[in-house]
Amino acid sequence: MRRFGALLPLSVFGALLCVLGPGCDGRRPVADAAVAEPVAATLRPGDLALDFVSAVDYDTLRIEVDAFEGLAPSEAALERLVELLSARLDKPGGIEVVRSSELPRSLRAPVYDAEQVRAIADAFRDHHSGEPDAPRRAVIWVGYLPGSGGLGPEGETALGLAVDASSIAVFPEAIARSSPRSEREAVETRVLVHEVGHLLGLVNNGAPEQWPHEDRRHAHHDRSPACVMYHEIVPAAPGERSGLEAVRFCPACEQDLFRLGGRQP
Ligand SMILES: [Zn+2]
Ligand SMILES: [Zn+2]
């Protein structure tokens, strides 16, 4: 996600857009089998959606979280992520969050791109899908990093990155700079769920649309402002849900996940 630096009259947050790792308009080549790099790191967000959504190959999902010193994720954000995924993904073996490595200060940078995040994931990630001791467990890696994901073409700051097919980054310092204190937890939750949503193939990015809802002007995002896959954060209208309750997949996204092998809405 990115936050527009420009002043926006309608929102205290400004707009949030996402940065999809290796590019949403072209596929990266799959590495030669002789290359030692984990296969998931050579694929783009959405390419492994089936692994995460259905129970065909993996019936359990582990979410490994590696955070920088002092940048621990919000427990409420993680709980909301698990709550939403448990309702949508077919993982009869369960969905668990594992806090793993603390990332050292020496890796601090003001800005990270997808390649830099992937290098950190390669160095500190402890778990991958289909390990010998858990062959039916899929794994998503989440890095909580300082700084931001850089600037977009219009000067917007990235709050999150979908790095490759199984890795995302969240930038809590950038979230803190761009959000009122009272809303930070909700914005963090939205960034977290949004980036994981891209790994699940949303929108039209591995999970085919059952009916049209992709925002054609913002590829792989939902046209509904009520959906967590919308390209920006907008304040709740009077009478609408707010806070963590407002972070949710819309019925169209739920249907796409169901058709990919997820749980029935
Ligand atoms: Zn996005
Ligand atoms: Zn949606």
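All ligand and atom numbering here is 1-based and tracks the order in the structure.
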Go through the structure and list residues passing salt bridge (Lys or Arg N to Asp or Glu O under 4.0 Å) with Arg217, not counting sequence neighbours. none
Taking both backbone and side chain into account, is any N, O or S atom of His213 nearer than 2.8 Å to the Zn ion (ligand 2)? no
Minimum heavy-atom separation for Val53 to Gly262, with atom names? CG1-N, 3.4 Å
Specify which N/O/S atom of His194 comes nearest to the Zn ion (ligand 1), by atom name. NE2
Side chains of Val203 and Met229: closer than 4.5 Å at any heavy-atom pair? yes
For the Zn ion (ligand 1), which N, O or S atom of His221 is at the shortest distance? NE2
Do Asp215 and His221 have a side chain donor and acceptor closer than 3.5 Å? no
Have a look at the Zn ion (ligand 2) and estimate, to 10 degrees, the angle subtended by SG (Cys250) and OD2 (Asp222). 90°
